[in-house]
Chemist: 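I'd like to ask you about the structure that follows.
By convention in this document, chain letters (A, B, ...) are assigned in the order of the sequence lines, proteins followed by strands, and residues within each chain are numbered from 1. Values below: every heavy atom of this structure, side chains too, minus hydrogens, waters and symmetry copies.
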2 protein chains.
Amino acid sequence: MQWLLTPGGCLYNSCPLFVELFRNTMKDSQKSLVLLRQIIRSTDMQEKEISRLIGLTLPQLILMQALREIGQMTPGELSKEVVLTQATVTSILDRLEKKKLILRERGSEDKRKVWISLTDEGIELMKGAPATRQELFVRHFEDMQPWEQSMIVASLERVAYMLNAQHLDAAPVLDIGQLDRASEDASE
Amino acid sequence: MQWLLTPGGCLYNSCPLFVELFRNTMKDSQKSLVLLRQIIRSTDMQEKEISRLIGLTLPQLILMQALREIGQMTPGELSKEVVLTQATVTSILDRLEKKKLILRERGSEDKRKVWISLTDEGIELMKGAPATRQELFVRHFEDMQPWEQSMIVASLERVAYMLNAQHLDAAPVLDIGQLDRASEDASE
DNA sequence: TGATTTAATTAGAATATCTAAGCATATAAC
DNA sequence: GTTATATGCTTAGATATTCTAATTAAATCA
């Protein structure tokens, strides 16, 4: 499979010729992939802007977000959540600890474990820009008709499921040789 | 705004209690945000796996993908496309050039510009896993009913629009041209 | 008890990422 | 035509990210 065109969000929105192409010649599956890229790119840009605003790097912000949203966690759980190795998480936590944004506490029950939580300072910091972003999204969202809201949730559920399903399907094919063969067919 | 809960994809799918919570007590806007996070996380994991398989780092893979999908570009265009500074792109390109995956050519018309393109070796490498992933998605997608496919495209368009709109001030700007200009400024 | 497993950290190295400064070319002003 | 300004890319220097492998400490198991 090949992309017909994969412009950034701006190009897609501003170029009438591309809009035409998009509407008429692309399959819905391809449209979905293009749109997903736009969505991810847009989110990425926003997160970078937020991290700049509150003076954290992007990985640091992501860890802070996870801690705020899920609550107290061990570095191991955190590393699974953000899809980084434990060693990487440890080094990012070191910097967040130095900034007094997180707290490390040895587990009392299982002394191998370390519980990470946000300090008051950390909670305060995270009250900043990110919430505003989400609020804006929510406001836009809630301006829509209920049927459209339901439609979007159903669609996102579908997409999320399909993306997860790819992990399942691909799992038995992690042998590189097989992957290569498959991609021979895949090209064009 | 606060998240009620933001579990990883697996937790959401496997924990009946959470499914219950999700269905009944969350607003659709919150559901959408949770689902978007799942989608982004899933995509991120997949990209990391792909980069590992073909022996590139994630930033390197992302540059290669952009070049494959859009074609010849200057470092400046590339940096806008992947939302990194030009200096960062230069340093990643250095490494890709050392691996003989990309080519640098001084512009003949405007000699300040440098045109980046994939070498044959680079094209060959990129025929690997990523296409397979997309194909899997497409296959799942095309198993659905046409009405459901259309619904998903419409929903993703909506979401993409709302995420872009966040770059604007609260002003309700429905003219797409203006939307674009504003989002250019927003990235600074 | 001794061996194995699990959780976190440390060590060491490559890469990524940014800002600021530098260099070469293009464009504009006069 | 020459000077000033702008543009496109690279370099320099600093910090942060990220990995694998080795280490330490605690729990588990046989």
Chemist: Over how many whole Å does the gap from Asp94(A) atom CG to dA16(D) atom C1' extend?
Modeler: 12 Å

Chemist: Of the candidate nucleotides dT9(C), dT10(D), dT19(C), which contains the atom at the shortest distance from the side chain of Ala87(B)?
Modeler: dT19(C)

Chemist: Which part of the nucleic acid, if any, lies within reach of Leu58(A) when heavy atoms closer than 4.0 Å are counted: base, sugar-phosphate only, or nothing?
Modeler: nothing

Chemist: Of all the nucleotides listed (dT25(C), dA26(D), dC18(C)), which has the minimum atom distance to the side chain of Leu84(B)?
Modeler: dC18(C)

Chemist: Let's test your reading of the model: under 3.5 Å, does the base of dT15(C) pair with the side chain of Arg95(B) as donor and acceptor?
Modeler: no

Chemist: Can you identify which nucleotide, out of dA12(D), dT17(D), dG8(D), has its nearest atom closest to the Gln60(A) side chain?
Modeler: dT17(D)

Chemist: Quick check on dT9(C): is either OP1 or OP2 less than 4.0 Å from any side-chain nitrogen or oxygen of Thr90(A)?
Modeler: yes

Chemist: Closer than 4.0 angstrom, basic N to acidic O: yes or no for Asp44(B) and Arg41(B)?
Modeler: no

Chemist: Could you please name the option among dT17(C), dT7(D), dT10(D) that lies closest to any side-chain atom of Arg112(B)?
Modeler: dT7(D)

Chemist: Without decimals, in angstroms, what is the distance between Ile62(A) CD1 and dT17(C) P?
Modeler: 12 Å

Chemist: On DNA chain D, compare the nucleotides closest to Lys99(A) and Lys113(B); which residue's is nearer the 5' end?
Modeler: Lys113(B)

Chemist: Rounded to whole Å, how long is the line connecting atom CD of Glu77(A) with atom P of dA7(C)?
Modeler: 9 Å

Chemist: How long is the line joining CG of Leu63(B) and C1' of dC9(D), in whole Å?
Modeler: 15 Å

Chemist: Atom NZ of Lys111(A) to atom P of dT28(D): distance rounded to whole Å?
Modeler: 12 Å

Chemist: Within this structure, what is the CD1-to-C1' distance between Ile102(A) and dT9(C), rounded to whole angstrom?
Modeler: 13 Å

Chemist: Mapping Pro59(B) and Ile116(A) to their closest nucleotides on DNA chain C, which lands nearer the 5' end?
Modeler: Ile116(A)

Chemist: Atom NZ of Lys48(B) to atom P of dT18(D): distance rounded to whole Å?
Modeler: 7 Å

Chemist: Only one of Lys113(A), Arg112(A), Arg106(A) passes side-chain hydrogen bond (donor to acceptor under 3.5 Å, both in side chains) with Asp110(A); say which it is.
Modeler: Arg112(A)

Chemist: Can you check the Arg104(A) CZ to dA8(C) P distance for me, whole Å?
Modeler: 10 Å

Chemist: Between Val83(B) and Asp110(A), who's closer to the 5' end of DNA chain C by nearest nucleotide?
Modeler: Asp110(A)

Chemist: Out of dC18(C), dC9(D), dA16(C), which nucleotide sits closest to the side chain of Ile92(B)?
Modeler: dA16(C)

Chemist: Is Ser91(B) close enough to dT11(D) that one of its side-chain N or O atoms is under 4.0 Å from OP1 or OP2 there?
Modeler: no

Chemist: Strictly below 4.0 Å, N to O, side chains only: are Lys80(A) and Glu77(A) in salt-bridge contact?
Modeler: no

Chemist: Give the nucleotide from the list dA27(D), dT18(D), dT17(C) with an atom nearest to the side chain of Thr88(A).
Modeler: dT18(D)

Chemist: Could Lys99(B) and Asp94(B) be called an ion pair, given the rule that one side-chain N must be under 4.0 Å from one carboxylate O?
Modeler: no

Chemist: Quick one: is dC9(D) close enough that its OP1 or OP2 comes under 4.0 Å of any side-chain N or O from Thr74(B)?
Modeler: yes

Chemist: As a test of reading the structure: which of dA8(C), dT10(D), dT20(D) is closest to the side chain of Pro75(B), going by heavy atoms?
Modeler: dT10(D)

Chemist: Taking the basic N atoms (NZ, or NE/NH1/NH2) and the acidic carboxylate oxygens, is any pair closer than 4.0 Å for Glu81(A) and Arg37(B)?
Modeler: yes

Chemist: Check whether any side-chain N or O of Gln149(B) sits under 3.5 Å from a backbone N or O of Phe141(B) as a donor-acceptor pair, and report yes or no.
Modeler: yes

